[in-house]
Amino acid sequence: MIPRTGRLARLGDPLSFLIPWLAPQLTHIVNGSRRYALRVAIRDSRSDPAHARRAVRELVDHERAHVVITMAGTRVLPAVVAACEELGAPCVSTTFPWQAYVHRPGAAEPERFDWAYHFAWGLDDIATVFAEIWERLGPARTVGCLWNDDVQGRLLRHDRDGFAPVARKRGHTLIDPGGYAEPATDLSDHVDHLRRHSTEIITSAATASDLALFHRQACESRLRPRLITCSRWLAYPHAGVTGGAELAEARVGTLVYWTPRHPYRSSLDGTTAAGLAAAYEQATGKAWLQPLGLAHALIEVACHALSHAADPADRHAVARALSRTHITTMAGSLDWTSGPTPNIALVPLAGGQWQPTRHGHDLAVVTNTGLPEVPITGDLVVAP
């Protein structure tokens, strides 16, 4: 399932590239002593939850899919997962915090899944990385929160599983002026509130366009944060992202889950992270993307499950194989036998910052406590 059209179309670029690029490795799978033909069927989610559900049904009922892979979209991805659960189809997904995967709005208890398996990081992991970045300015900072009023914002504020309790436990004071509706049209009230509390650091999960609006209005109101961290902005290079060019010089800190410098290889053919990034750039003429490594891992996990299922033509057997999966992939080691909750495998995070170079901008790794095998490549740059 790929968002090829609609507002999430850019998020579909990695899988759209990888499926034809990996075609020689996707002709068959070997399970025990038997060789099975492999066919890849693609559907466009159109960046719409309702259409994504219909597309899953087409894949399961008409294409007879034995496993569905998907990534991207805080509303589309859960729709795909829900459809797979309803239809009894194994599903592998990635790209957003696992708490957003298991905590459905209005549900009293975390969601339990029979068919769906997810790999990513947690909101607590993001908070830990961002706190490490803030602490380059000194301990116990006052941090302003630019969080929306939707599912994402509510989870970030969650008093047990969210971002906020981890940051507070490290001694930081969070100033939350309340949620805002996306897309934002005016954030001046948020700016005024944060200026009154003398916040020198802003943390956010805003879209690039909303963060650009906030940054512009903050500058106009003489709120000049020394540092901005954002978990949603600049997983992709800012070129072509609405609001990205305006924010380029703000040098926003972000999370790092995959780069060409990660010491990982494909379990399919041994391609390195650097080799994958170079192939993508040569084929597309675009800069490498962080989700490229996760997209590659999606395909690896699906192939691994089919290769290790008691019967790759039996969806129940494929789901059981996924539950036992522990594999080293382009995204690192993924282990569904020891996750924070059933059906979850964790992806470790480093902290980064997009910094200007003579070639444009590059994602510098500025903190690597959670991922020491990835070298630090730059010093954090903050406003005076």
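Predicted model only: the values in this text are computed from it and were never measured. Numbers here are sequence positions counted from 1.
Within a 6.0 Å sphere centred on NE2 of His326, other residues, nucleotides and ligands contribute more than 12 heavy atoms. Within a 6.0 Å sphere centred on CZ of Arg7, other residues, nucleotides and ligands contribute 12 heavy atoms or fewer. Within a 6.0 Å sphere centred on CG of Asp379, other residues, nucleotides and ligands contribute 12 heavy atoms or fewer. For Arg157, the CZ atom counts as densely surrounded, since its 6.0 Å shell holds more than 12 non-hydrogen atoms of other residues, nucleotides or ligands.
By the 30° and 60° cut-offs, the orientation of the rings of Trp134 relative to Phe130 is tilted. Between Trp21 and His296, the angle of the ring planes goes over 60°, which puts this pair in the perpendicular group of the 30/60° scheme. Between Trp121 and Tyr257, the ring planes are parallel. Angles under 30° get that label, and only those over 60° would be called perpendicular. The aromatic rings of Phe96 and His118 are tilted relative to each other, their planes meeting at an angle between 30° and 60°.
With no hydrogens or angles considered, no side-chain donor-acceptor pair links Asp13 and Ser16 at under 3.5 Å. Side-chain polar atoms of Thr5 and Asp44 form a donor-acceptor pair below 3.5 angstrom.
Within the 3.5 Å criterion, the main-chain N or O of Gly144 finds no donor-acceptor partner in the side chain of Asp176. Checking side-chain atoms of His215 against main-chain N and O of Leu211 turns up no donor-acceptor pair under 3.5 Å. Side-chain atoms of His51 do not come within 3.5 Å of backbone N or O of Ser47 as any donor-acceptor pair. Arg222 contributes no side-chain N or O that, together with a main-chain N or O of Cys219, makes up a donor-acceptor pair within less than 3.5 Å. In this structure, Gln99 contributes its side chain and Phe163 its backbone to no donor-acceptor pair below 3.5 Å. Formation of a donor-acceptor pair under 3.5 Å by the His190 side chain with backbone atoms of Leu146 is not found in this model. Without hydrogens or angle criteria, Asp48 side chain to Ala50 main chain gives a donor-acceptor distance under 3.5 Å. Distance alone, capped at 3.5 Å, places no donor-acceptor pair between the Arg136 side chain and the Leu380 backbone. A side-chain donor-acceptor contact under 3.5 Å links Glu300 to the backbone of Met330. Side-chain N or O atoms of Gln353 include none that pairs as donor or acceptor with a backbone N or O of Val252 at under 3.5 Å.
Each of Ile344, Thr325, Leu294 was compared with Phe119 under the side-chain contact (heavy atoms from CB on, under 4.5 Å) criterion, and only Leu294 meets it. Between Thr199 and the choices Leu223, Leu174, Thr173, the side-chain contact (heavy atoms from CB on, under 4.5 Å) rule is met once, by Leu223.
Residues Val30 and Leu26 do not share a hydrophobic cluster, clusters being chains of Ile/Leu/Val/Met/Phe/Trp/Tyr side chains in contact below 4.5 Å. With hydrophobic clusters built from ILVMFWY side chains whose heavy atoms lie under 4.5 angstrom apart, Ile29 shares a cluster with Leu322. When the side chains of ILVMFWY residues are joined at heavy-atom separations under 4.5 Å, either directly or via intervening members, Val166 and Val129 end up in two distinct hydrophobic clusters. By the criterion of side-chain heavy atoms lying less than 4.5 angstrom apart, applied directly or through intervening Ile, Leu, Val, Met, Phe, Trp or Tyr residues, Trp354 is grouped together with Val366 in one hydrophobic cluster. Tracing side-chain contacts under 4.5 Å through hydrophobic residues (I, L, V, M, F, W, Y), one never reaches Trp115 starting from Val80; they form parts of separate clusters.
Classification of Arg75 and Asp150 as a salt-bridged pair holds, one side-chain N sitting under 4.0 Å from a carboxylate O. Under 4.0 Å is where a charged nitrogen must lie from a carboxylate oxygen, and between Glu135 and Arg170 at least one such pair does. Ion pairing between Glu63 and Arg39 holds under the 4.0 Å rule for side-chain N and carboxylate O. Between Arg141 and Glu200 a salt bridge is recorded (basic side-chain N to carboxylate O distance below 4.0 Å).
Expressed to the nearest 0.5 Å, how far CG of Leu346 lies from OG of Ser338 amounts to 8.0 Å. A distance of 10.5 Å separates CD in Gln25 from OG in Ser267, rounded to the nearest 0.5 Å. Atom CG of Asp192 sits about 11.0 Å away from atom CG of Leu187, to the nearest 0.5 Å. Distance check: Leu227 CG to Ile202 CD1 gives 9.5 Å after rounding to the nearest 0.5 Å.
Considering all non-hydrogen atoms of both residues, Thr203 and Thr229 come closest at OG1-OG1, 2.9 Å. Of all the heavy atoms in Ala350 and Val365, the pair that sits closest is CB-CG1, 4.1 Å. For the residue pair Arg315 and Ala89, the shortest heavy atom distance occurs at CD-CA, 4.3 Å. Across Ala277 and Pro260, no two heavy atoms sit closer than the pair CB-CG, 3.5 Å.
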Hey, mind stepping through Glu373 and Asn368 against side-chain hydrogen bond (donor to acceptor under 3.5 Å, both in side chains) and telling me if it holds?
CA-CA 8 Å; Glu373 61 266 38; Asn368 66 349; over 6 Å; no

Apply the test side-chain contact (heavy atoms from CB on, under 4.5 Å) to residues Cys91 and Ile69: give CA-CA distance (whole Å), side-chain angles for both, the deciding distance (0.1 Å), then the verdict.
CA-CA 6 Å; Cys91 176; Ile69 62 174; over 6 Å; no

Test log, rule side-chain hydrogen bond (donor to acceptor under 3.5 Å, both in side chains), inputs Thr367 and Glu132:
CA-CA 7 Å; Thr367 178; Glu132 289 176 354; 3.0 Å; yes

Pair His262, Thr259 - check side-chain hydrogen bond (donor to acceptor under 3.5 Å, both in side chains), show working.
CA-CA 5 Å; His262 277 55; Thr259 73; 2.9 Å; yes

Do Glu182 and Asn148 pass the side-chain hydrogen bond (donor to acceptor under 3.5 Å, both in side chains) test, and can you show the C-alpha distance, the side-chain angles, and the key distance before you say yes or no?
CA-CA 7 Å; Glu182 290 186 348; Asn148 67 24; 3.2 Å; yes

